[in-house]
Amino acid sequence: MARHLITSAIPYINGIKHLGNLVGSQLPADLYARYLRARGHEVLFLCATDEHGTPAELAAKKAGKPVAEYCAEMHKVQEELANGFRLSFDHFGRSSSPQNHKLTQHFAAKLDEAGLIREVSETQMYSPEDGRFLPDRYIEGTCPNCGFDSARGDQCDNCTKQLDPVDLINPRSTISGATNLEMRETKHLFLCQSQMRDRLAEWIDSKADWPVLTTSIAKKWLFDGDGLQDRGITRDLDWGIPVRKGDEDWPGMEGKVFYVWFDAPIEYIACAQEWEEAGKGSDWQRWWRTDAGADDVRYTQFMGKDNVPFHTLSFPATILGSAEPWKLVDYIKSFNYLNYEGGQFSTSRGRGVFMDQALEILPADYWRWWLLSHAPESNDAEFTWENFQSSVNKDLADVLGNFASRVTKFCRSKFGEVVPEGGAWGERESALVEELKGKLAEYEAQMEAMEIRKAAASLRAIWVAGNEYLQEAAPWATFKEDPDTAAMQIRLGLNLIRLYAVLSQPFIPDASAQLREALGVQEAEWPQDLETDLQRLAPGHAFTVPDVTFRKIADAEREEWQERFAGVR
RNA sequence: GGGCCUGUAGCUCAAUUGGUUAGAGCAGAGCGCUCAUAACGCUUUGGUUGGGGGUUCGAGUCCCUCCGGGCCUACCA
């Protein structure tokens, strides 16, 4: 029994996330958290909404609401969707929480004390009409290189040349279209990450077991060109955490806020405080402070590859630089992207399936199974409706659902809705137990290693073993000559359903609960010894035939959905 | 431009890090079963591992080169 801290990258507040976002962090993190809990470990699984930054302000403006109100509403929406997908966060916090305000300001003060903050004066594009400084990508104009008229301030989408906004010909604000942009001087705080390069590099080098995707991105940032650069950690925005040095004002920084990527990871820690304050637990420091017990904690982060630099470099720089005993991450599981039907998911064009729409169409387990069993681990993966339909129908409806159905219905018709008595295990049953032991060990090993696709395949193989056994044992034939043996066979079948419900819980929690309810079992104890675990449902135990566990997706539905989610929301 | 990842059966993916005859699932074909959600089981077809060259007793794996796909490149988050 160990203690596991698990965090999923925190989703940005502006809008509902698509399935690619879901499978890139929250869903695999949930799988892992559920598995570890099932194995009896103590788990703290945290997530939150990431609420600061320019896009949040603009989205609120577009919605005609004060940004605080907008974020509160969207937080609620995201929380409900997380519940809908059965994401088992111990707390779903907010990066705008008072706890995070305080902690972020605290970290800034500590970093300043350590001499890791410097002030930098620079000039940035300001739009008087919008009343704000414009991030590079909110400026468009004609590309000086190729003449493309919608080149963004950071890069031209046509010729891919990297640009500086001042290079653009006829620059305009993408927010208002204003063209009267001007360069204004502004002062910002920079985190001196460059001073910490060697420490960070040494730390990354010590993580030989991390996914290549994680370490290669980190190393690229550490060593590319001039190496790790200092990074601005403040912005000229209204919505955010005010720049303060702990409890004190920060002279010259009035009216500025911390950069969202500075405060967002700190929310992982603040979230534990929110968790405690919400009355869901106690002693948050035990999870986060190595001087308060967190040395015994194994901390695992889940994220999409775009988040890797912030989790391997910026956030560790914040923690190490503070010179305080905060817990550093032990393992970073990163993911590639999920594409949609030969292209990318697109939030702006409404291409692909979004979390709310997914749940309107089918229950969470259907999505959880497909997404996890096709997680983009080694490569970008692709969602297609045909693949989704065939996976769900074959794996869930035929292999697992139908197994539960055939066993319970046969039992009902021959013995009634009660675990039948009689007969004793023979060679075939012993062989099955041995086979299952091997497959279970494999499943467990893959879950421990967070090899998600492989874990799904192993679980499926365990389901298949039940069908193979049933076919060989053929209780429908045995029953005619030897009802006692048939009773034994079907008793084992019923116990297999229970076993499957327990083992499948991390992937498909609702189906697991439904099957256990039908079988009349409350517990979901992870198997210790399959010989005894497969005899837990004893003769005389009552059950009911479950409703269809997973229904099939018809061709017509699939076609309709294909059409519906092709684009333009 | 630079860096990283990637290309394996019609489709989605493996291959214990250089070691026998490259394996699974789906789809296809054949057979069996009749308890079950027209479900299940068994057998089987299918590969010049993107092309070319090299190193090696031995290459899907290492090197070079060409072709294709993807990501990152620091002010979106």
Side-chain angles (χ1 to χ4, degrees), chain A residues 9-14 50-56 58 122 124-125 133-139 152-155 160-162 164-165 188 193 212-213 215-217 219-221 223-225 228-232 235-236 259-261 264 304-310 313-314 336-337 339 344 373-374 376-382 384 386-387 389-391 393-414 451 453-454 456-457 460-461 464 466-479 486 489-490 493 545 547-552:
Chain A
I10 65 180
Y12 198 65
I13 194 70
N14 87 2
D50 177 13
E51 306 194 359
H52 301 309
T54 308
L58 296 178
E122 51 189 12
Q124 283 183 7
M125 280 283 191
F133 282 93
L134 297 177
D136 293 354
R137 67 177 52 203
Y138 285 94
I139 302 162
R152 283 190 327 225
D154 55 340
Q155 188 180 43
T160 71
K161 189 180 165 65
Q162 300 157 56
D164 197 287
H188 283 297
Q193 301 183 132
V212 183
L213 184 64
T215 50
S216 66
I217 293 173
K219 286 180 179 169
K220 157 80 171 162
W221 281 57
F223 301 118
D224 188 48
L228 187 61
Q229 300 296 298
D230 294 345
R231 193 168 180 119
R235 291 290 183 274
D236 291 294
Y259 174 44
V260 52
W261 262 118
K305 57 186 166 188
D306 50 333
N307 279 338
V308 168
F310 304 100
L313 304 169
S314 322
N336 287 285
Y337 291 144
N339 291 317
Q344 294 184 336
S373 62
H374 293 80
E377 289 176 295
S378 56
N379 236 321
D380 287 355
E382 178 162 311
T384 65
E386 281 190 31
N387 190 310
Q389 179 193 23
S390 82
S391 293
N393 287 358
K394 197 71 199 172
D395 300 345
L396 297 180
D398 294 346
V399 176
L400 177 63
N402 181 56
F403 179 79
S405 176
R406 65 194 296 210
V407 170
T408 52
K409 284 183 179 169
F410 180 78
C411 187
R412 179 174 62 186
S413 79
K414 304 297 187 217
E451 290 281 357
R453 280 172 182 251
K454 289 179 185 173
R460 187 190 192 278
V464 167
N467 281 310
E468 287 170 356
Y469 168 76
L470 219 54
Q471 183 65 31
E472 253 191 74
W476 48 90
T478 318
F479 183 77
Q489 292 167 336
I490 218 66
V545 171
D547 295 332
V548 168
T549 315
F550 292 100
R551 73 173 187 84
K552 294 218 196 192

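Residue numbering restarts at 1 for every chain, and letters A, B, ... go by the order of the sequence lines. All heavy atoms count here, side chains included; hydrogens, waters and symmetry mates do not. Small disclaimer: the values here were computed from a predicted structure and weren't measured.
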Would you check if [X] and [Y] make a side-chain contact, meaning some heavy-atom pair closer than 4.5 Å?
{"X": "A/Arg235", "Y": "A/Gln124", "answer": "no"}
{"X": "A/Lys414", "Y": "A/Ile490", "answer": "no"}
{"X": "A/Glu382", "Y": "A/Asn387", "answer": "no"}
{"X": "A/Asp398", "Y": "A/Lys552", "answer": "yes"}
{"X": "A/Arg460", "Y": "A/Ser373", "answer": "no"}

Expressed as a whole number of Å, how far does the [atom1] atom of [N] sit from that of [M]?
{"N": "B/G52", "M": "B/C26", "atom1": "P", "value": "33 Å"}
{"N": "B/G60", "M": "B/U17", "atom1": "C1'", "value": "12 Å"}
{"N": "B/U8", "M": "B/G1", "atom1": "C1'", "value": "31 Å"}
{"N": "B/G53", "M": "B/C72", "atom1": "C1'", "value": "31 Å"}
{"N": "B/U21", "M": "B/A59", "atom1": "C1'", "value": "16 Å"}
{"N": "B/G47", "M": "B/A15", "atom1": "C1'", "value": "14 Å"}
{"N": "B/U55", "M": "B/C62", "atom1": "C1'", "value": "8 Å"}
{"N": "B/U48", "M": "B/G30", "atom1": "C1'", "value": "29 Å"}

Shortest non-hydrogen contact from [X] to [Y]?
{"X": "A/Tyr259", "Y": "A/Arg231", "answer": "OH-NH2, 3.6 Å"}
{"X": "A/Gln193", "Y": "A/Asp230", "answer": "N-OD1, 3.1 Å"}
{"X": "A/Tyr337", "Y": "A/Pro376", "answer": "O-CB, 3.6 Å"}
{"X": "A/Phe403", "Y": "A/Leu470", "answer": "CE1-CD2, 4.0 Å"}
{"X": "A/Gln489", "Y": "A/Thr478", "answer": "OE1-OG1, 3.1 Å"}
{"X": "A/Asn336", "Y": "A/Glu377", "answer": "ND2-O, 3.2 Å"}

In whole Å, I'd like the distance from the [atom1] atom of [X] to the [atom2] atom of [N].
{"X": "A/Asn379", "N": "B/C71", "atom1": "CG", "atom2": "P", "value": "11 Å"}
{"X": "A/Lys220", "N": "B/C72", "atom1": "NZ", "atom2": "C1'", "value": "7 Å"}
{"X": "A/Asn339", "N": "B/C13", "atom1": "CG", "atom2": "P", "value": "11 Å"}
{"X": "A/Asp547", "N": "B/A36", "atom1": "CG", "atom2": "C1'", "value": "15 Å"}
{"X": "A/Leu313", "N": "B/C72", "atom1": "CG", "atom2": "P", "value": "16 Å"}
{"X": "A/Asn467", "N": "B/A36", "atom1": "CG", "atom2": "C1'", "value": "9 Å"}
{"X": "A/Glu472", "N": "B/G41", "atom1": "CD", "atom2": "P", "value": "12 Å"}
{"X": "A/Phe479", "N": "B/C35", "atom1": "CZ", "atom2": "C1'", "value": "12 Å"}

With a 3.5 Å limit on both atom pairs, tell me what [N] is paired to, counting Watson-Crick and G-U wobble, or say none.
{"N": "B/A74", "value": "none"}
{"N": "B/U37", "value": "none"}
{"N": "B/G60", "value": "none"}
{"N": "B/G10", "value": "B/C26"}

Think [X] has a side-chain N or O under 4.0 angstrom from the OP1 or OP2 of [N]?
{"X": "A/Tyr469", "N": "B/C35", "answer": "no"}
{"X": "A/Lys454", "N": "B/A15", "answer": "yes"}
{"X": "A/Arg453", "N": "B/C13", "answer": "yes"}
{"X": "A/Gln489", "N": "B/C35", "answer": "no"}
{"X": "A/Thr215", "N": "B/C4", "answer": "no"}
{"X": "A/Lys305", "N": "B/C4", "answer": "no"}

ask   = B/G3, B/U12, B/C13: which one has an atom nearest the side-chain heavy atoms of A/Ala381?
value = B/C13
note = Of the candidates B/C40, B/U12, B/U37, the side chain of A/Lys552 sits closest to B/U37
For [X], which contact category applies under a 4.0 Å heavy-atom criterion: base, sugar-phosphate, or nothing?
{"X": "A/Gln229", "value": "base"}
{"X": "A/Tyr337", "value": "sugar-phosphate"}
{"X": "A/Thr384", "value": "nothing"}
{"X": "A/Val464", "value": "sugar-phosphate"}
{"X": "A/Ile490", "value": "nothing"}

task = If the glycosidic angle is within 90 degrees of 0 it's syn, otherwise anti, so just tell me which one B/U17 is.
result =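 Syn.
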task = If a protein heavy atom is under 4.0 Å from the base, mark B; if only from the sugar-phosphate, S; if neither, -; do that for nucleotides 25-34 of chain B going 5' to 3'.
result = SS-----BSS
inquiry  = Please verify the inter-ring angle class for A/Phe310 with A/Trp261; under 30° counts as parallel, over 60° as perpendicular, anything in between as tilted.
reply    = parallel
query = Between the base of B/A39 and the side chain of A/Asn402, is there a donor-acceptor distance below 3.5 Å?
reply = no
inquiry  = With nearest nucleotide decided by heavy atoms, which residue, A/Gln344 or A/Lys414, maps closer to the 5′ end of RNA chain B?
reply    =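 Comparing both residues, the 5'-ward one is A/Lys414.
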Is there any protein nitrogen or oxygen under 3.5 Å from a nitrogen or oxygen in nucleotides 75-77 of chain B, and what are the pairs?
residue : atom : partner  : partner atom : Å
B/C75   : O2'  : A/Asp136 : OD1          : 3.4
B/C75   : O2'  : A/Asp136 : OD2          : 2.6
B/C75   : N3   : A/Gln124 : NE2          : 2.7
B/C75   : N4   : A/Glu122 : OE2          : 2.7
B/C75   : N4   : A/Gln124 : NE2          : 2.2
B/C76   : OP2  : A/Arg137 : NE           : 2.5
B/C76   : O4'  : A/Arg137 : NE           : 3.2
B/A77   : OP2  : A/Tyr259 : OH           : 3.4
B/A77   : O3'  : A/Asp50  : OD2          : 2.5
B/A77   : N7   : A/Trp261 : NE1          : 3.3

request  = For A/Glu122, look at atom CD and say whether over 12 heavy atoms of other residues, nucleotides or ligands are found less than 6.0 Å away.
outcome  =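 Yes, CD of A/Glu122 has more than 12 neighbouring heavy atoms, counting only those of other groups under 6.0 Å.
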